[in-house]
Amino acid sequence: MSDYEDAVAGLAALGERPGGARAALEAVLMVIDQPATTEELAAGLGLGTAVVDELLAELQQDYNGYTVKAPGTDAGGSPADAGASRAPRGFELRNVAGGWRIYSRPEFSDVVGKFVLDGQTARLTQAALETMAVIAYRQPVSRARVSAIRGVNVDSVVRTLVQRGLVEEAGTDPESGALLYRSTSYFLERMGIASLEELPPISPHLPGLEGIEEFFDAERM
Amino acid sequence: MSDYEDAVAGLAALGERPGGARAALEAVLMVIDQPATTEELAAGLGLGTAVVDELLAELQQDYNGYTVKAPGTDAGGSPADAGASRAPRGFELRNVAGGWRIYSRPEFSDVVGKFVLDGQTARLTQAALETMAVIAYRQPVSRARVSAIRGVNVDSVVRTLVQRGLVEEAGTDPESGALLYRSTSYFLERMGIASLEELPPISPHLPGLEGIEEFFDAERM
Amino acid sequence: MAEPLTLAENVPDAETATARKGGFEVRLANFTGPFDLLLGLIAKHKLDVTELALATVTDEFIKYIRRLQEIGEGWALDEASEFLVIAATLLDLKAARLLPAGEVEDEEDVALLEARDLLFARLLQYKAFKQLAAHLGETLENEARRFPRQVALEPHFAALLPELIWRHSPEQFAGIAAKALEPKDTTPPEVGVDHLHGAPVSIKEQAEILGFRLQHGRPLSFRALVADAESTLVVVVRFLVLLEMFRDRVVAFEQPAPLSELTVRWTGRPEGWSSENLSEEYETGTAPEPEPEEEQ
């Protein structure tokens, strides 16, 4: 609904249905199979992003067991249950890789794991984790550079990370012509974070290495 | 948990988790792809079928907007909201052909349908086509194997192919436990051939293919 | 934060490596590369980054590598290439070790000390990434306990999908399959040397060149000795060779003032020195055939 009138019509119509816009958002969240951004959801529902953001926050709280304003009413919660804290639902709404998605709650991983064969991924080896860490923090980065930091050849490990969808090619270095790599949005999904900024900062782990980066760059490692 | 003691232990443990057995059931229902029978759910949760049936009915009512006994408490609802009627959620729990699954609520099918169809094309992408080709010629095959052959993560592409009815699940690999996929009869139909044997052979122009597969297997991390 | 130095317990004892071949693979799995091992060794000796302890670590590492070599079957190609990287690192270490401790008035000394600092900076950097890797591992594991809802499209929505357009003949489809199944990486597995930054240069070869020139001529300036060097790497290696020779007391350096011309004079007896007895750590450690760093 790119058109303003359509959007308004959609909004009005949603309000009249049981559960209103909030339930409509819930309905859409039920069918997506990858994280959907606020913008995508807003466009699909014919609502503004600010409204959708608010509804998403409400749902998130609701699923976590905090009672927010009663669904279906536009102003305030019903006095009966406003503010009351309930037990959380078995699922949660999370913002990962820049998009929203429903997940089962981690407390039930053992139970859910019995039903979900798919999507179970093998653990990464130490070598793969270290390589992934260097790529995540130094992207875009060439394999040679990762090798220099880890002190080992990383070609096959990088290939595995690419196959796993955690890492992808990101063009070539203009100077050396070396292939560059970066982390994927699937990596963010697997990490459960919305963006790379949520990775813990590297500086506390690097004692007294101010200026060392220039050294490495100068050395073309 | 086929064993009685295990089942009892499981029950006890579930009760201690946030949301209890009901949230556990919800967690499972939220992420299972195929409808599950009461028996399957009961076995997975380590609960009796009668208990599960009761919980299912509660959830069904809850989603439809009828407040039932408060989640997390074993006896009776809290006086504050027991019996109060709320707006329904955007999803519902349905029993279709003996199996339980969560669906988006039909009142929003127009919104959801628009959202789902947005950006859908009648053609397969090149990535989907190549993945289809690998599955057709290497079936039954796991996604990990297809990923290894194609050098990229194919999870979402395989999902698309399943959705399109071109590919279906074909049991699990006895060794790795990974889900296997094969082409469907709809695929044969679209190809205009009667059986897989009619697929043109491709091995002659692929020297050393066996070697490369061993290479990938050996590398499995 | 995980304390990565617990790795020290996992560092294989070089002595037992030969004694029990059975545990060999298990121990190898405990470290993920030379830096990892080096970090472990350093932790084991509880450095204080002192010259002495550095030497211990270096020697132990070389000893460890040698033992692995003697065992023989453990030398896979990637381990060989790992060794090349660590050999380069050890060159740095060794260069720093050759300097007399405490005398830092000379600017070149300072530069060399910085080179050593750089090596430790690299190790510390690696340690930082190791800690971050542990964090990633933990997060990924915790996240794996959540399952995303990714159910198949509800049948009535699936029915709305536009009818698939399929125009490929079986032959065309076979062509796509042939292309998709083609091995992506056609280059045969080999020891990767691109991370070595430039063509490998052999210390021994360069030592022979310098030894020949110095033994059969008058004192030469460093500038003259590297005049024909085809790359910076060769210059660096020749400098390292000179340091080695200085340690073996077969050459003397004369430099009238800081940054002025460095003159190298042969002081050893010709029969008492050959490139064979030089820096055996670097040369003999690279047993896998063909020796990659010997190729020019």
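Order of the sequence lines sets the chain letters (A, B, ...), proteins ahead of strands, with each chain counted from 1.
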Set of ring pair (Phe, Tyr, Trp, His ring centres under 6.0 Å) partners for B/Tyr137, sequence neighbours left out: none
Considering heavy atoms only, which positions within residues 91-99 of chain B lie below 4.5 Å of chain C? none
According to salt bridge (Lys or Arg N to Asp or Glu O under 4.0 Å), does anything in residues 178-202 of chain B pair up with another residue at least two apart or in another chain? List the pairs. B/Glu168-B/Arg182, B/Arg190-C/Glu163
Can you tell which part of B/Phe187 gets under 4.5 Å to a heavy atom of chain C, answering side chain, backbone, both or neither? side chain
Starting at OG1 of B/Thr160, measure out to CG of C/Leu161 and round the result to the nearest 0.5 Å. 10.0 Å
For the residue pair C/Leu160 and B/Gly113, what are the closest heavy atoms and their distance? CD1-CA, 4.4 Å
With rounding to the nearest 0.5 Å, note down the distance linking OG in B/Ser109 to NE2 in C/His156. 5.5 Å
Rounded to the nearest 0.5 Å, what's the gap from CG on B/Leu199 to CD on C/Glu171? Could you check? 10.0 Å
Tell me, for B/Leu29 versus chain C, whether the close heavy atoms (under 4.5 Å) come from the side chain, the backbone, both or neither. backbone
I need the minimum non-hydrogen distance between C/Pro155 and B/Tyr103, along with the two atoms involved. CD-CE2, 4.5 Å
Taking every heavy-atom pair that is under 4.5 Å apart, which of B/Ile102, B/Ile193, B/Ile135, B/Leu166 has the most such pairs with chain C? B/Ile102
Which atoms of B/Ala27 are under 4.5 Å from chain C, going by heavy atoms: the side chain, the backbone, both sets, or neither? neither
Working for side-chain contact (heavy atoms from CB on, under 4.5 Å), residues C/His168 and B/Leu129: CA-CA 10 Å; C/His168 299 277; B/Leu129 209 49; 3.1 Å; yes
Shortest non-hydrogen pair, C/Pro170 vs B/Pro200, comes out as O-CG, 3.4 Å
Residues which pass salt bridge (charged side-chain N to carboxylate O under 4.0 Å, His left out) with B/Arg164, listed by chain and number, not counting sequence neighbours: none
Does a side-chain heavy-atom distance below 4.5 Å link C/Phe147 with B/Val28? no
Side chain, backbone, both or neither: which part of B/Ser104 has an atom under 4.5 Å from a heavy atom of chain C? both
Using the rule given for side-chain contact (heavy atoms from CB on, under 4.5 Å), can you reason through C/Leu181 versus B/Val134, listing the C-alpha separation, both sets of side-chain angles and the distance that settles it, and then say yes or no? CA-CA 7 Å; C/Leu181 288 165; B/Val134 173; 4.2 Å; yes
Rounded to the nearest 0.5 angstrom, the CE-CZ distance for B/Met132 and C/Phe173 is 5.0 Å
Passes side-chain contact (heavy atoms from CB on, under 4.5 Å), B/Ile32 versus C/Val151? Steps please. CA-CA 7 Å; B/Ile32 49 170; C/Val151 302; over 6 Å; no
Separation between CD1 of B/Ile202 and NZ of C/Lys179, rounded to the nearest 0.5 Å: 13.5 Å
Whether the side chain of C/Arg149 engages the backbone of B/Val31 through a donor-acceptor N/O pair (distance < 3.5 Å, no angle test) should be reported. no
Rounded to the nearest 0.5 Å, how far apart are CH2 of C/Trp166 and CE of B/Met191? 6.0 Å
Closest non-hydrogen atoms of B/Ala133 and C/Ile176, given as atom of the first, atom of the second and distance, are CB-CG2, 4.0 Å
